[in-house]
Amino acid sequence: MTIRVIIVDDQAMVRAGFAALLSAQADIDVVGEAPDGRRGVEVGRATHPDVVLMDVRMPEMDGLAAARELLNPPAGVVHRPKVLMLTTFDVDDYVYEALRAGASGFLLKDAPPADLISAVRVVAAGEALLAPSVTRRLIADFAAQRPAPRRDPALRLAGLTPRETEVLELVARGLSNPEIAAHLVLAGQTVKTHIGRLLAKLDQRDRAQLVIFAYESGVVRPGDGTR
């Protein structure tokens, strides 16, 4: 299955470079590009991409606002792509808010080409791009500035089994599925099943949203064992 991608960035050279790199992959098809967030939303609605590479800071409409529009479309618009945020900085105020809005992760613009290709495939497959330690640090830093957990997350936590709560905590600490399996002495498929149940019970879109939820609900606290 071919992964349909659009690239939204205000730098023409960045768009051209990413497009050339991704188009060279047999399983990736770049179906559009845009120089700002507003145009990115229009192109996204017209082309129905699987993944949107979205720059954080752009004129007209920044990446955060554009991501919100694509991930929370108005009535009548059913397509919701995966959004991968692109940033020049390893810590950016917008990135945490983008994850809260439903983005599947973020990638530094100067990441190696292989990382970009891998990121598109990972996000298209429904996973969250949370491998870089900077992502976990970013989430922890901003979660520390958030108000006390709301009652709603606490109510949803009450519906989890002890094992599901353990898995949620380890996901939030940045462990991969194999690492969680080893830590809890479980089969890999069992871990996947637990994560699927967490997504359903907590009404979260993907792994990135589970991490945000875990911090905001108090399952884990910033700096407490985060790798």
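- Taking 4.5 Å as the limit, some side-chain heavy atom of V120 sits within range of a side-chain heavy atom of L53.
- Between V51 and I3 there is a side-chain heavy-atom pair separated by less than 4.5 Å.
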Let me check something: any side-chain donor-acceptor pairs from residues 10-24 under 3.5 Å, sequence neighbours excluded? List them with distances.
{"residue": "R15", "atom": "NE", "partner": "E33", "partner atom": "OE2", "Å": "3.0"}
{"residue": "R15", "atom": "NH1", "partner": "D9", "partner atom": "O", "Å": "2.7"}
{"residue": "S23", "atom": "OG", "partner": "A19", "partner atom": "O", "Å": "2.8"}

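- Residues D36 and M58 share a closest heavy-atom pair of CA-SD, 3.8 Å.
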Notebook entry, point to check: What's the verdict on side chain to side chain contact (heavy atoms under 4.5 Å, CB included) for L71 and V83, showing C-alpha distance, side-chain angles and the deciding distance?
Noted result: CA-CA 8 Å; L71 294 167; V83 176; 3.9 Å; yes
Notebook entry, point to check: Are L184 and V167 close enough, and set up right, to give a side chain to side chain contact (heavy atoms under 4.5 Å, CB included), and what steps lead you there?
Noted result: CA-CA 8 Å; L184 297 178; V167 172; 3.8 Å; yes
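- A distance of 11.5 Å separates CG of D110 from CG of L116, quoted to the nearest 0.5 Å.
- With sequence neighbours left out, K201 forms a side-chain hydrogen bond (donor to acceptor under 3.5 Å, both in side chains) with E164.
- Distance check: L199 CG to Q209 CD gives 9.5 Å after rounding to the nearest 0.5 Å.
- R197 contributes atom CZ, which lies 8.0 Å from atom OG1 of T161 (distance to the nearest 0.5 angstrom).
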Note to self: Would R45 and V77 count as a side chain to side chain contact (heavy atoms under 4.5 Å, CB included) here? Give the steps.
What the structure shows: CA-CA 8 Å; R45 297 265 165 80; V77 178; 3.7 Å; yes
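- Between atom CD1 of residue I6 and atom CG of residue D29 there is a gap of 12.5 Å, rounded to the nearest 0.5 Å.
- Across V8 and G40, no two heavy atoms sit closer than the pair CG2-CA, 3.9 Å.
- Between P81 and L70, the closest heavy-atom pair is CD-O, 3.8 Å.
- Side-chain contact between T87 and L108 is present, with at least one heavy-atom pair separated by less than 4.5 Å.
- A salt bridge between R163 and E166 is present, with a side-chain N of the basic residue lying under 4.0 Å from a carboxylate O of the acidic one.
- Between Q25 and I117, some side-chain heavy-atom pair lies under the 4.5 Å cut-off.
- Using a 4.5 Å cut-off on side-chain heavy atoms (C-beta onward), H194 and L186 make contact.
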Next item on the list: For V171 and R207, run side chain to side chain contact (heavy atoms under 4.5 Å, CB included): C-alpha distance rounded to whole Å, both residues' side-chain angles, the deciding distance at 0.1 Å, then the answer.
Entry: CA-CA 8 Å; V171 167; R207 201 181 190 97; 3.7 Å; yes
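- Electrostatic pairing of R38 and E42 does not count as a salt bridge here, judged by no charged N lying under 4.0 Å from a carboxylate O.
- Salt bridge status for D50 with K82: absent, with no side-chain N to carboxylate O gap under 4.0 Å.
- Annotation: ring-ring contact (aromatic ring centres under 6.0 Å, His included) contacts of H79 (sequence neighbours excluded): H48.
- By the 4.5 Å heavy-atom criterion applied to side chains, R39 and M61 are not counted as neighbours.
- For the atom pair L157 CG and S217 OG, the distance stands at 4.0 Å (nearest 0.5 Å).
- Taking both residues in full, the closest heavy atoms of V211 and A172 are given as CG2-CA, 4.0 Å, listed atom of the first, atom of the second, then distance.
- Note that OG1 of T165 and CG of L160 are 4.5 Å apart. Values are rounded to the nearest 0.5 Å.
- Heavy-atom minimum distance, A66 versus M54: CB-CE, 3.6 Å.
- Between I195 and N177 the shortest side-chain heavy-atom distance falls below 4.5 Å.
- The two residues M85 and D55 make their nearest non-hydrogen contact at CE-O, 4.3 Å.
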